[in-house]
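I have placed the structure first, in the form of structure tokens, so that the comments after it can refer back to it.
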Amino acid sequence: MTVLLPLAAAAQDLRPTGRWSANVEGRAQLPPMGWNSWNAFQTDIDEEKLLASARIIIDTGLARKGYRYVNIDDGWWLQRRQADGRVLIRTDNFPSARTADGNTSFRPLTDRLHAMGVKAGIYSDIGRNSCGQVFTSNMPNQPQGSVLEKEIGLYGHVDGDIRTYFAEWGFDYIKVDGCGIRGLGPDSAAVRAGRHRLFQPLVDVDSLGRTDIPATRKLYEDVASALRQYNPDGDYILSLCLWGAADIRSWGRNVGGTSRTSEDISASWSRMLHNLDSTARRPLYAHPGSWNDPDMLFVGTGEFDANHLTEARSHFTLWAMVNAPLLIGYDLRKATPELLAILGNERVIALNQDAAGNQAVLAHDSDDVQIFVKTLADGDKAVAILNRLNQPVEAVLTADHLKLLDDADIDLTDLWSGASMRFRDERKLQLAAHETLVYIARGKRRLADGRYLSEMPGRVNPAVDGVVVPEVEPLIHRGMLPWRSSRGDGERPRYGGWGGAQVDSTPYGETAGVAGRRFHTAIGVLANSRIEVRNTTARRFTATVGVDDSARDRRYPVTFRVYGDGKLLASSKPLRFGEAAAPIAAEVGGVKLIELVAEGERGGRFNDPVVWGDAALHDR
């Protein structure tokens, strides 16, 4: 069952810490780029396929464009030796792993990859058994031996395995799945047949209430701790692969470098939309060092193959805009020049690798058309207009979408064609079915002396977002899972995160408003929250605050406070539902961490939504 913090502990969370709490460990200051074996080969992976992929990444110039990681997924292991608990490698598939003493080692392989100029990644599971064993046992290269010998996951072996994989074998990246704590309950056919031991599930992907969130988080925190111990130079990435379960979108950013937000992607437009949606409305939960991960790229396969280049470009563009890891999941030996041109588009890659680390925010959100806007490190805006429909559509891009002045020129440069155009106020755009247009936009900023917080989500972290009981998010496209088809009662909402902090809307997706005054630029969050804001050169913070008109409880006043490096800088009077929004401002010159606290009465199941309207950092 879900375990909640005692109210006393929750109250302590609102105290300013003066410390950024999202993960900064490892080498995920930018979203990782590279190649992973799973989508192309599943468990049928071997040394020849891996090295061929690495060689193509180098020879085609993809490595120079940022594709650095070459990752082995499931299927590499033979068994866990019972004498000393060591995992042995399947040397028939990885002959360079043979050693004279029989221990096996990936060091020759990682040394070779490093000598080629790329980095090496490996795969494991947080439970006793891997996803291949739990859900795809008919695939090749399953672990062999007794029940115990086939337990090659991290559970009970975190310290030894992480030491082996990193200190001894020299890996730089690890993807840690969660199937072993999900699918081996008493109803499992493998458990009933005696192939695997019972592991009472910690995770129920269809029920947050039946998931032990603290226990699941603790397992992953143990891996993160071991990685810090055995990588004193910090050269590693921890990829959390819990598919959006266990409310990971509220805590994954504190533990790993990337955090999966949904089930596995598949090579269909519908499932791509599903995975995109699981990340698109969570820009405040991704930062340099901790990225949302809607899963690997399927460019090259299925509805994103060489016969579907429009869809392939859309998929790649959208992953770049939301700062997803750009991990190619394709047999590069089959790649056409057109597909390689998509994967190698440097102008689109630059959006993903931009130093500001701002995940694109939804400036327009509908089931037909979405407009994503990202503020770049140089001050320019990137904008992507997505046609979700299987038919052409006309969209209108406005200066307001970009937070630029509507009476000044706005220049657009197309990142696929290089073409340019100019407009004022608004521009009509024609999109083919499934097309995504993407531009760099330049114009005069609406806020001339600074930035709105909603333009810089990479510097804003909802350390405490006011969510008391995790709720599932309903605004995710529910495409059928390919392995389930239409069996069962449908794809129900399942991923925690509803009610968390949002950009330019309330926590529940409505337009923010206080006493009838609308705020189209805002940070929407629940009361009893604390938001961390990194500051570099800003001298002043301003906002207009109040209890949102969508509040449900409405009984309790909320006090808004601004802290700088742990010291109180400004405070509002207690504000009630229906009361006019109030201005709040603070001098923040020299302050490194600003903390925005909205505190009300505690003890109920739900906290009311509140608004930090037009919240901004000013340079003067």
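Counting only residues at least two apart or in different chains, salt bridge (charged side-chain N to carboxylate O under 4.0 Å, His left out) contacts with residues 138-151 comprise Glu151-Arg197. Sorted by first and then second residue, the pairs that involve residues 217-275 and meet ring-ring contact (aromatic ring centres under 6.0 Å, His included), not counting sequence neighbours, are Trp269-His434, His274-Tyr495. The list of salt bridge (charged side-chain N to carboxylate O under 4.0 Å, His left out) pairs with a residue in residues 256-276, not counting sequence neighbours, reads Arg182-Glu263, Arg260-Asp264, Arg260-Asp295, Glu263-Arg494. Residue pairs meeting the disulfide bond (SG atoms under 2.5 Å apart) criterion with at least one member in residues 254-287, sequence neighbours excluded, do not occur. Within the structure, ring-ring contact (aromatic ring centres under 6.0 Å, His included) pairs that include any residue of residues 126-148 do not occur (at least two apart or interchain). Within the structure, disulfide bond (SG atoms under 2.5 Å apart) pairs that include any residue of residues 167-255 comprise Cys131-Cys179 (at least two apart or interchain). Within the structure, salt bridge (charged side-chain N to carboxylate O under 4.0 Å, His left out) contacts touching residues 214-223 (residues at least two apart or in different chains) are Arg217-Glu221, Lys218-Asp222. Residues in residues 178-215 take part in these ring-ring contact (aromatic ring centres under 6.0 Å, His included) pairs, two or more places apart or across chains: Tyr155-Phe199.
Judged as a side chain to side chain contact (heavy atoms under 4.5 Å, CB included), and not counting sequence neighbours, the contacts of Thr136 are Trp38, Asn138, Met139. In this view, Gln370 and Asp365, Arg388 satisfy the side chain to side chain donor-acceptor pair (under 3.5 Å) rule, not counting sequence neighbours. Take Arg492 and apply the salt bridge (charged side-chain N to carboxylate O under 4.0 Å, His left out) test, not counting sequence neighbours, and it matches Asp489.
Asn275 and Ser262 share a side-chain donor-acceptor pair at under 3.5 Å. Looking at Tyr123 and Asn71, their side chains never bring a donor and an acceptor atom within 3.5 Å of each other. Checking Asn358 against Arg459 by side-chain atom types alone, no donor-acceptor pair falls below 3.5 Å. With no hydrogens or angles considered, no side-chain donor-acceptor pair links Asp161 and Thr164 at under 3.5 Å. Under 3.5 Å, the side chains of Asn607 and Asn528 contain a donor-acceptor pair of N or O atoms. No side-chain donor-acceptor contact under 3.5 Å links Ser550 and Thr506.
At a threshold of 4.0 Å, the pair Glu532-Arg534 does not count as salt-bridged, since none of the basic side-chain nitrogens sits closer than that to a carboxylate oxygen. Using a cut-off of 4.0 Å between Lys/Arg side-chain N and Asp/Glu carboxylate O, Asp84 and Arg86 are scored as not salt-bridged. For the pair Arg561 and Glu599, the salt-bridge criterion is met [side-chain N within less than 4.0 Å of a carboxylate O]. Salt bridge present: Lys175 and Asp73 bring a charged side-chain N and a carboxylate O closer than 4.0 Å.
Between Trp35 and Tyr330, the ring centre distance reaches or exceeds 6.0 Å.
Looking only at distances, no side-chain donor or acceptor of Asp235 sits under 3.5 Å from a matching main-chain atom of Arg27. Judged by distance alone, the side chain of His287 and the main-chain N or O of Val460 form a donor-acceptor pair under 3.5 Å. Judged by distance alone, the side chain of Ser485 and the main-chain N or O of Pro482 form no donor-acceptor pair under 3.5 Å. Judged by distance alone, with hydrogens and angles left aside, the side-chain atoms of Glu595 form a donor-acceptor pair with the main-chain N or O of Gly18 at under 3.5 Å. In this structure, the side chain of Thr216 engages the main chain of Asp212 through a donor-acceptor pair within 3.5 Å. Remark: the backbone N or O of Gly180 is paired with a side-chain donor or acceptor of Asp125 at under 3.5 angstrom. No donor-acceptor pair under 3.5 Å is formed between the side chain of Trp77 and the backbone N or O of Ile152. Panel note: side chain Arg554, backbone Ala551; a donor-acceptor pair is recorded below 3.5 Å. At distances below 3.5 Å, at least one donor-acceptor pair connects side-chain atoms of Arg282 with backbone N or O atoms of Arg249. Side-chain atoms of Glu473 do not come within 3.5 Å of backbone N or O of Glu471 as any donor-acceptor pair.
Among all heavy-atom pairs drawn from Thr258 and Pro325, the shortest one is CG2-CG, 3.8 Å. Of all the heavy atoms in Thr110 and Trp169, the pair that sits closest is OG1-O, 2.6 Å. Closest approach of Leu238 to Val255, counting heavy atoms only: CD2-O, 3.9 Å.
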Can you give the donor-acceptor pairs under 3.5 Å from side chains of residues 185-193 to other protein atoms, not counting sequence neighbours?
residue : atom : partner : partner atom : Å
Ser188  : OG   : Ala190  : N            : 3.2
Ser188  : OG   : Val191  : N            : 3.3
Arg192  : NH1  : Asp187  : O            : 2.5

Test side-chain contact (heavy atoms from CB on, under 4.5 Å) on Val70 and Lys119; report intermediate values, then the result. CA-CA 6 Å; Val70 177; Lys119 290 184 174 289; over 6 Å; no
Begin with the C-alpha distance, continue with both residues' side-chain angles, and end with the deciding distance and a verdict on side-chain contact (heavy atoms from CB on, under 4.5 Å) for Leu202 and Leu219. CA-CA 10 Å; Leu202 299 177; Leu219 291 178; 3.7 Å; yes
Go through it in stages, so that I can follow the logic: the residues are Tyr285 and Thr261, the test is side-chain contact (heavy atoms from CB on, under 4.5 Å), and I'd like the CA-CA distance, side-chain angles, deciding distance and then a yes or no. CA-CA 11 Å; Tyr285 294 77; Thr261 54; over 6 Å; no
Trace of the side chain to side chain donor-acceptor pair (under 3.5 Å) decision for Ser130 with Asp74: CA-CA 7 Å; Ser130 73; Asp74 202 351; 3.2 Å; yes
Tyr69 vs Asp172, test: side chain to side chain donor-acceptor pair (under 3.5 Å). Steps then yes/no. CA-CA 8 Å; Tyr69 290 91; Asp172 311 290; over 6 Å; no
side-chain contact (heavy atoms from CB on, under 4.5 Å) evaluation trace for Asn93 with Arg90: CA-CA 6 Å; Asn93 289 12; Arg90 187 179 294 275; 3.6 Å; yes
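The residue from Tyr173, Trp76, Phe106 that alone fulfils the ring pair (Phe, Tyr, Trp, His ring centres under 6.0 Å) condition with Tyr165 is Trp76. Residue Ile523 is tested with Asp504, Leu284, Val533 for a side chain to side chain contact (heavy atoms under 4.5 Å, CB included); the sole match is Leu284.
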